[in-house]
Amino acid sequence: MISLADAVLPLIRTRSDLYRYSAANAHGQDMHEAIDILEAAIPTTDPAKIYTVTHKALASSLKVIARADDSAGIIGDACRRLLELHPRAAASARTPVGKLIDWMMKFQFDDDEVDYFELDPVAYAPALGDVGMAAYRKGLAELEAKLGPRPSEDERWSSGHSHAWFTLDWNAQRLAVLDHDIDAIIRTHAKDRKVAAWLQDTAEAFEEIGEIDLAIEWAKQATDFDHGHQSRKAADYWCGLLDAHRPDEALEARLSVFRKWPSSTSAARLRKAAGRAWPDYRDEVMATLAASPSDAVLFALLTLKEPEFAWSLAHSLALDSDHTWSELVKEYEKVDPLAVLPIHQRLVENELVEAGAQHYRLAARRLAKMRKLAGGSERADGVDELVAELRETHRRRPRLQQEFDRAGLP
């Protein structure tokens, strides 16, 4: 019977060239298969064996990712799965605390090849216990003392110990969470409160320890910080907290977010939160979205499910987004197939402004759709005449002629 190590490790390790994107992705899938095998074995296997194989697999996975084109993130996701499993396996196996601490310090501070993964001391707390955690904290403090004066935030990235300082700060954040220390969480996560994302980080830390009121308060601070993308992201998080914990406040929050960042997305979320009260907000939403025709049309089409209204808006607001027109005609052709033909024609002509097989292919498919929509009507001959005109206009583009032929165009 094959051992667990023999079933898992060969799927993790490889000597193949992984700088090719396809090869890296294929091996990443093998790594995930290996982890599936490892996780499936946990209930029936000696915890010491699980830890040994997990530890070896993690070490090997880091060597793999160091020389791979992991643009798709498949190998990185496998590494993260092993990093999540490792502390649980260590706790179950009752790994010697001193040995585990030595490895944690080396992993975080002495690996010059791969330094873009973090260990979470909160996850390792069950394996370390109180005595081990005290020893781990002491090790961090001793290392920090050797680095000299702490650089400012602006100076840290140019410091010769930038990675060490980053890792120490990460540990400080996670240890504050482990301790449920409110002041320490604010100090380590919010820092000088000059970045919206740091305020959201603070909120997330409070949510993690069950301090929901504080989480909501800090998420609101992040939302109100400015109009940037970090505050917009924080707004989604803030509203999600309210949905889960203070549903009576959710509608007002969604309305404030829509007013600050009007879009088809924020409008859709407001529509959902409003429920039966939606008619009370509809006029304001549509009037606000009119400043962005694409958002107005997409909201009417995708959220309100009113293609006729979306069609009317597209014309009255002079919609100029080819992408949005394309989405609209897919639905409106079910209402009036002949009415969408001029839009399809314009989209075809716009597609052919740029040369290239992909543009030709999309134009050919759209023309084929036009022929289908016009079939049997008085507009059918006009579509075929358009195809003939385009073939003549672009007669010096053989690839276009080829794509037209493949699409069955006359």
Side-chain angles (χ1 to χ4, degrees), residues 16-30 67-75 264-265 292-302 307-308 310-410:
S16 301
D17 177 9
L18 298 181
Y19 287 113
R20 290 183 298 110
Y21 180 78
S22 59
N25 289 350
H27 185 69
Q29 297 294 347
D30 289 343
R67 58 183 182 82
D69 175 7
D70 191 38
S71 302
I74 298 174
I75 294 176
S264 59
T265 300
S292 173
S294 185
D295 281 300
V297 171
L298 288 174
F299 176 68
L301 183 68
L302 303 179
E308 294 95 336
W311 182 258
S312 174
L313 284 173
H315 287 84
S316 64
L317 299 177
L319 176 67
D320 61 1
S321 166
D322 283 359
H323 171 73
T324 304
W325 272 116
S326 182
E327 293 298 312
L328 178 56
V329 295
K330 289 178 187 177
E331 295 301 320
Y332 197 73
E333 68 187 23
K334 302 170 187 176
V335 178
D336 188 345
L338 298 183
V340 302
L341 292 176
I343 305 301
H344 276 300
Q345 179 175 342
R346 187 169 77 231
L347 293 174
V348 167
E349 292 169 347
N350 289 349
E351 196 70 58
L352 295 179
V353 169
E354 298 289 337
Q358 180 68 12
H359 295 289
Y360 303 154
R361 191 175 303 116
L362 292 173
R365 291 174 182 171
R366 194 172 294 280
L367 288 166
K369 165 65 77 171
M370 291 176 66
R371 296 188 76 224
K372 182 177 180 180
L373 293 172
S377 74
E378 69 279 6
R379 304 286 292 277
D381 290 344
V383 174
D384 287 347
E385 290 172 4
L386 172 63
V387 174
E389 291 173 5
L390 291 173
R391 281 191 181 274
E392 174 60 23
T393 299
H394 302 287
R395 61 186 179 279
R396 300 183 186 279
R397 294 182 177 182
R399 183 57 188 268
L400 178 142
Q401 307 291 340
Q402 185 181 44
E403 293 298 340
F404 277 22
D405 291 343
R406 286 180 177 174
L409 298 176

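Residues: numbered from 1 along the sequence shown.
- The shortest heavy-atom contact between Trp325 and Arg346 is NE1-NH2, 3.0 Å.
- Looking at Leu302 and Ser264, their side chains never come closer than 4.5 Å, going by heavy atoms from C-beta outward.
- Annotation for His359 and Glu351: closest pair ND1-OE2, 2.7 Å, computed over non-hydrogen atoms.
- Side chains of Arg366 and Ser326 form a contact here, defined as non-hydrogen atoms less than 4.5 Å apart.
- The closest donor-acceptor contact from the side chain of Asp384 to the backbone of Ala388 lies at 3.5 Å or more, if one exists at all.
- With sequence neighbours left out, the side-chain contact (heavy atoms from CB on, under 4.5 Å) criterion links Ala339 to Trp311, Tyr332, Asp336.
- Arg391 places a side-chain heavy atom less than 4.5 Å from the side chain of Asp405.
- Val340 has its side chain out of reach of Lys369: every pair of non-hydrogen atoms, C-beta onward, lies at least 4.5 Å apart.
- Across all non-hydrogen atoms, the minimal contact from Ala374 to Ala380 is O-CB, 3.5 Å.
- Expressed to the nearest 0.5 Å, how far CZ of Arg399 lies from CZ of Arg361 amounts to 5.5 Å.
- Across all their heavy atoms, Leu328 and Ala314 have their closest contact at CD2-CB, 3.6 Å.
- A salt bridge does not link Glu333 to Lys330: none of the charged side-chain nitrogens sits closer than 4.0 Å to a carboxylate oxygen.
- Looking at Leu341, Asp381, Leu367, Leu409 one by one, the single match for side-chain contact (heavy atoms from CB on, under 4.5 Å) with Leu386 turns out to be Leu367.
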- Query: So Leu338 and Glu378, side-chain contact (heavy atoms from CB on, under 4.5 Å) or not? Walk me through it.
  - Reply: CA-CA 10 Å; Leu338 298 183; Glu378 69 279 6; 4.0 Å; yes
